[in-house]
Amino acid sequence: MSFIVTTGATGQLGGRIARLLAARGARQRLVSRHAAERAPAYEGAVAVSASYGDPAAMRGALDGASTVLFVSAGESEDRPAQHRTFVDAARHAGVSHLVYVSFYGAAPDATFTLARDHWATEQYIRDSGLPFTFLRDSLYADFLPALAGDDDVIRGPAGQGGWRRWRRTTSPRRR
């Protein structure tokens, strides 16, 4: 019997997707690198703990899954290696379809470093032979204020990958 694996189940994106799938009655295995007991409790969902860098734990977490939502790992130096380990585990587990949450503008020559990491993961998935879908999100709106410096200037990647500066029109510190 098939089910969907939702990774990042204790995070913002994975948690929201898990909730939407549960509302539609989907059978899920919720995967989090944190303790499984932190995962939300939904009817038809089983929570497991597994880290992207742990091949045996990931193979176990993915075993029997029809579709896997692969929310990218957190920013770290070994992120690309974690992603490769995850993809290898998905291939070994016989996953039917891998949905990877990538990044807008993913390319080998992207100015934004993380976009290059996402491109490398996309290439590894393509080379794996797994059927896939890439979702290329951009900056999350709730994250944008965190980019503002003490001078109220927001700095970040934009346009063709260059750095642009935006000045807030109002500062929350002045209200």
Side-chain angles (χ1 to χ4, degrees), residues 1-76 78-106 112 114-115 117-119 121-122 124-126 128 130-148 154 156-157 172:
M1 196 154 208
S2 66
F3 56 89
I4 298 170
V5 167
T6 305
T7 65
T10 58
Q12 292 291 319
L13 180 61
R16 287 179 181 175
I17 291 171
R19 184 177 64 245
L20 291 170
L21 288 170
R24 287 165 179 74
R27 290 185 59 233
Q28 295 181 81
R29 184 173 294 156
L30 306 177
V31 179
S32 172
R33 70 178 184 265
H34 303 294
E37 52 274 0
R38 285 186 50 195
Y42 297 123
E43 187 172 334
V46 175
V48 298
S49 297
S51 171
Y52 288 161
D54 183 340
M58 286 314 311
R59 282 192 303 269
L62 302 177
D63 188 45
S66 56
T67 302
V68 173
L69 173 69
F70 175 21
V71 177
S72 59
E75 295 176 30
S76 68
D78 68 337
R79 180 185 197 178
Q82 290 181 49
H83 285 182
R84 289 189 300 274
T85 298
F86 182 90
V87 172
D88 291 343
R91 188 176 59 236
H92 184 270
V95 167
S96 301
H97 193 97
L98 185 63
V99 179
Y100 174 59
V101 181
S102 186
F103 193 79
Y104 181 79
F112 186 44
L114 297 180
D117 288 351
H118 284 291
W119 178 85
T121 299
E122 288 181 8
Y124 198 77
I125 292 169
R126 283 184 181 99
S128 76
L130 287 167
F132 63 85
T133 300
F134 297 145
L135 305 176
R136 288 185 167 179
D137 61 12
S138 189
L139 293 175
Y140 298 115
D142 64 339
F143 177 74
L144 199 56
L147 296 176
I154 297 174

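Keep in mind the model is a prediction, meaning the values are calculated, not measured.
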**OP:** Report the C-alpha distance between His83 and Phe70 in whole Å, list the side-chain angles of each, state the deciding distance to 0.1 Å, and finish with yes or no for ring pair (Phe, Tyr, Trp, His ring centres under 6.0 Å).
**Re:** CA-CA 9 Å; His83 285 182; Phe70 175 21; 5.1 Å; yes

Subject >> CG-CG distance between Leu13 and Leu69, expressed to the nearest 0.5 angstrom >> reply: 6.5 Å

Original post:
Thr85: what forms a side-chain hydrogen bond (donor to acceptor under 3.5 Å, both in side chains) with it, not counting sequence neighbours?
Top reply: none

**OP:** In plain terms, say whether Glu122 and Arg136 are close enough for a salt bridge, that is, a side-chain N and a carboxylate O under 4.0 Å apart.
**Re:** yes

**OP:** Could you tell me whether His118 and Tyr100 have their ring centroids closer than 6.0 angstrom?
**Re:** yes

Original post:
Who pairs with Tyr42 by ring-ring contact (aromatic ring centres under 6.0 Å, His included), at least two apart in sequence or on another chain?
Top reply: none

Subject >> Minimum heavy-atom distance between Ser32 and Thr10, given as atom pair plus value >> reply: OG-OG1, 3.0 Å

Original post:
Any donor-acceptor pair under 3.5 Å linking the side chain of Arg59 with the backbone of Ala90?
Top reply: no

Original post:
What is the minimum heavy-atom distance between Ala61 and Val31, and which atoms define it?
Top reply: CB-CG2, 3.9 Å

Subject >> His97: side-chain hydrogen bond (donor to acceptor under 3.5 Å, both in side chains) partners, not counting sequence neighbours >> reply: Thr133

Subject >> Contacts of Tyr124 that satisfy ring-ring contact (aromatic ring centres under 6.0 Å, His included) - sequence neighbours left out >> reply: none

Subject >> Pairwise side-chain contact, Phe86 with Thr7, heavy-atom cut-off 4.5 Å (strictly under) >> reply: yes

Original post:
Do Val46 and Leu30 come within less than 4.5 Å of each other through their side chains, counting heavy atoms only?
Top reply: no

Original post:
What is the minimum heavy-atom distance between Ser128 and Arg91, and which atoms define it?
Top reply: O-CD, 3.4 Å

**OP:** Quick one: list whatever passes side-chain hydrogen bond (donor to acceptor under 3.5 Å, both in side chains) with Arg126, sequence neighbours left out.
**Re:** Gln123

**OP:** Using side-chain hydrogen bond (donor to acceptor under 3.5 Å, both in side chains) as the criterion, list what pairs up with Ser72, not counting sequence neighbours.
**Re:** Arg79

Original post:
Heavy atoms, side chains only, cut-off 4.5 Å: are Leu114 and Glu75 in contact?
Top reply: yes

